[in-house]
Amino acid sequence: MIRNIPDSPAEQSSATRRLSMTEALRDALRVAMRADPSVFLLGEDLGVPGGFGGGFTVTLGLSEEFGHERVMDTPISEIAIVGAAIGAAMMGMRPVAEMQYGDFVFCAMDQVVNQAAKMHYMSNGQVKVPLVLRLPVGASGRGAQHGQCTEAYFLHTPGLKVVCPSTPYDAKGLLLAAIRDDNPVVFLEHKLLYGAKGGRKEKTSLDPMGEVPAGDYEVPLGTVAVRRPGSHLTILANMLMTHRTLTAAERLAAEGIEAEVIDVRSLVPLDLETIRASVARTGRVLIVEEDNLSGGWGAEVAARLGETSFDDLDAPITRVAAPDTPLPCAAALESVYVPSVERITDTARRLVQE
Amino acid sequence: MSPDRPLTPQQLLDVYRRMVLIRRYEDHLYLLFLKGQVPGTLHQCQGQEAVAVGVCAVLRADDVIFSTHRPVGHLLAKGASLKGVSAEIWGKAAAGGKGGQMHLAAVEVGAMPSNAIVGANVPIAVGAALAFKLRREDRVAVSFFGDGAANIGALHEGINLAAVKDAPVVFVCENNLYAASTHIAQSLRVTDIADRAAAYGIPGQVVDGMDVLAVHQSALEAVERARSGGGPTLLEYKTYRFKGHSRGDAGNYRSKEEFERWRQRDPVDLFRRRLLDEYQQSERDLEAIERACQADIEEAVAFTVASPEPLAAECFRHVFAD
């Protein structure tokens, strides 16, 4: 299952290293904090000596370099974490706030939706809220309150940007771009993509290692990445689903079906033009997502394509998503909930045969 | 060092001028509201002027305040312009038209966007204070909230975070006894919200919120404590709002006796009498201040009412910062 996805643009930097997603994210934070004193981190268990560096070791070692003020450990107070990030951002800082698990952001939804997202608008542009909210998401054997993919909630909220990397290269480049963006950015990180190394590795984790430039670079928000060219159908996916879709695409290729796989690494802004161009060539669209079917990000993308690409379509826009149930815990059920390579492959095959 | 610094005669008159400005502005607004000439909603602060003015009088221009759905007093006390406040309330092009009466902001004088979610500004003010602390600036943030915010989670999380980080922030509770129509006794088993300070390990103080000089003195101590690295303080001011919670609320849940009792302690009248009796100010000077405030208000409101509405394109501006 280990897969290395070629990144675009090409890994051009002379000094690159093979990093996991966790290492790439940590690298981004280090680069940003060294370059700009206004960048600081806050969240639970981020920099405790002898601790574990946040929920998934992303901030491990950073308090040693930057101190405990800039790697700020907080009580278990999600409202205060997000609220304090907003207040600091309004004063010109660039906070990066972590929710230990993405599901915990629901504790702080007022601060995200009513405050961070609306402050620039309501104040007629008098204040900016340049913050990043890091959310570890994705099913990983912990059940319904530690694994939901939450992107759709934020997609529905004007004023928030939403990004969701699937490779180490993108993780670093998108995080640097998110930190430097003048808006609140919800930054989703899939737990099964962090990497298979370290004390808190996930049992079922993929280990997408990738070449990551040592220096400073950004992957622009609002871009998608074509991970695999193909002519028979377009498959849109993000995070873990990108990887499963690429595996499915290989199986399909063995049957003579060539899928174009687009990694929707940024949901807001959404590069609909690139997606439309692909659909115009293939005439078929499959959307693969780990969030719940109803009102998921795929529903929005499908609606947009229905409005603008109807004449290009040779078959109904089709979705493979988590069902409309809470995330179950048992492995036997979780594998029913999270779209599998088999489900993606079968659905794609049927779609092409229609 | 005792922070007890008596106000100069000029400062006393400036405090009075600001209290009068707020009272007269709110009364003028109410009059126009009754005539159906004010759009949107209205949450007025008549009766609570001493808290806004007493606290803001000790702040520097680069200190910041975070206000509530009842923001006019705080904004004018911090130095916001009458025209700016009016443009936001009337939804005029000059203000953009996207905020409204509950979302007043005058960032240039340190009045951050006021907040219509009860208690939500508490952790935000803490974050502003943490920014000052991280940058080694000796600035202070103030969070205003009412007694109704005492039982919302954001307040608890925010004050506690400020306490453990020694954030330079002052928490100002305007306890006007009613959260909308609900009396505080129905929501709290303690008499004083300031008692909660002990639970956070920070100083707390109950102060007469109708006495602007008592407000000023207590705020001076709290702000200097925050500015000098001593961490946050929870100040509770006992006060009363003379109007209803919002437009159309006649306040029938309050007894006439209670209302009259508090009316006797009108903070503007109390301070006016002290200026005459204790500080030897002249009736003529006070009347001049009152006339000037009234004229400024009428001029600013007339200007605003006649000013242009926002263009349709304004709806789509400022969703994202460029």
Side-chain angles (χ1 to χ4, degrees), chain A residues 37-40 42 67-70 72-95 97 107-108 110-111 113-131 157-161 181-185 221 268-269, chain B residues 64 66 87-88 94-100 102-108 111-117 119-135 137 139 141 143 152-165 167 169 310 314 317-322:
Chain A
S38 69
V39 179
F40 75 104
L42 72 168
H68 292 282
E69 274 196 305
R70 287 184 75 194
M72 186 184 289
D73 286 304
T74 70
I76 299 176
S77 298
E78 279 77 16
I79 302 171
I81 292 168
V82 180
I86 293 167
M90 286 165 68
M91 292 300 124
M93 302 296 283
R94 293 191 177 273
C107 297
D110 172 65
Q111 293 292 333
V113 175
N114 274 320
Q115 312 301 334
K118 297 177 182 173
M119 207 56 84
H120 183 69
Y121 187 81
M122 291 193 303
S123 71
N124 201 36
Q126 286 193 62
V127 297
K128 293 176 181 175
V129 188
L131 67 81
T157 304
L160 301 176
K161 295 188 176 180
D181 196 276
D182 278 343
N183 298 283
V185 181
L221 308 184
V268 182
Chain B
V64 293
F66 293 83
E88 191 68 70
K98 306 195 283 290
M102 298 189 282
H103 303 289
L104 305 183
V107 169
E108 71 282 1
M112 305 311 290
S114 66
N115 206 309
I117 303 295
N121 79 24
V122 174
I124 295 173
V126 174
L130 290 171
F132 301 152
K133 190 164 193 273
L134 279 161
R135 294 197 297 245
E137 298 171 350
R139 299 162 69 187
S143 164
I152 200 157
L155 177 125
H156 166 63
E157 292 193 15
I159 297 181
N160 185 62
L161 180 65
V164 296
K165 300 296 180 191
V169 56
E314 195 61 49
R317 284 183 74 212
H318 301 119
V319 177
F320 290 105
D322 299 327

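Numbers restart at 1 for each chain; the letters A, B, ... are given by sequence-line order, proteins then strands.
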Could you have a look at [options] and say which one has the most heavy-atom pairs with chain A under 4.5 angstrom?
options	result
B:Glu108, B:Arg317, B:Glu157	B:Glu157
B:Ile124, B:Leu134, B:Ile117	B:Ile124
B:Ala162, B:Gly100, B:Gly153, B:Ala105	B:Ala105
B:Arg139, B:Arg135, B:His103, B:Lys133	B:Arg135

Kindly give the heavy-atom pair with the smallest separation between [X] and [Y], and that separation in Å.
X	Y	value
A:Met122	B:Glu88	O-OE1, 4.5 Å
A:Asn183	B:Ala321	OD1-N, 2.6 Å
B:Phe320	A:Val268	CZ-CG1, 4.0 Å
B:Glu314	A:Tyr121	O-OH, 4.3 Å
B:His318	A:His120	O-CD2, 3.1 Å

Which residue out of [options] racks up the most heavy-atom pairs below 4.5 Å with chain B?
options	result
A:Ala108, A:Ala88, A:Ser123	A:Ala88
A:Lys128, A:Met90, A:Gln115	A:Gln115
A:Lys118, A:Lys161, A:Gln111	A:Gln111

Between [X] and chain A, with a heavy-atom cut-off of 4.5 Å, which part of the residue counts as in contact: side chain, backbone, both or neither?
X	result
B:Ala95	backbone
B:Lys165	side chain
B:Ala120	both
B:Val64	side chain
B:Asn121	neither
B:Val164	side chain
B:Ala106	backbone

Non-hydrogen side-chain atoms of B:Leu130 and A:Met91 separated by less than 4.5 Å = no
Would you say A:Met119 and B:Met112 make side-chain contact, with heavy atoms under 4.5 Å?
-> no
Which pairs of donor and acceptor atoms, one on a side chain in residues 72-86 of chain A, lie under 3.5 Å apart (sequence neighbours left out)?
residue	atom	partner	partner atom	Å
A:Asp73	OD1	A:Asp45	N	3.4
A:Asp73	OD1	A:Leu46	N	2.5
A:Asp73	OD1	A:Gly47	N	2.9
A:Asp73	OD2	A:Gly47	N	3.2
A:Asp73	OD2	A:Val48	N	3.2
A:Thr74	OG1	A:Gly43	O	3.3

Applying a strict 4.5 Å limit to non-hydrogen atoms, the region of A:Leu42 in contact with chain B is neither
For A:Arg70, enumerate each residue passing the side-chain hydrogen bond (donor to acceptor under 3.5 Å, both in side chains) test, keeping only those at least two apart in sequence or located in another chain.
-> none
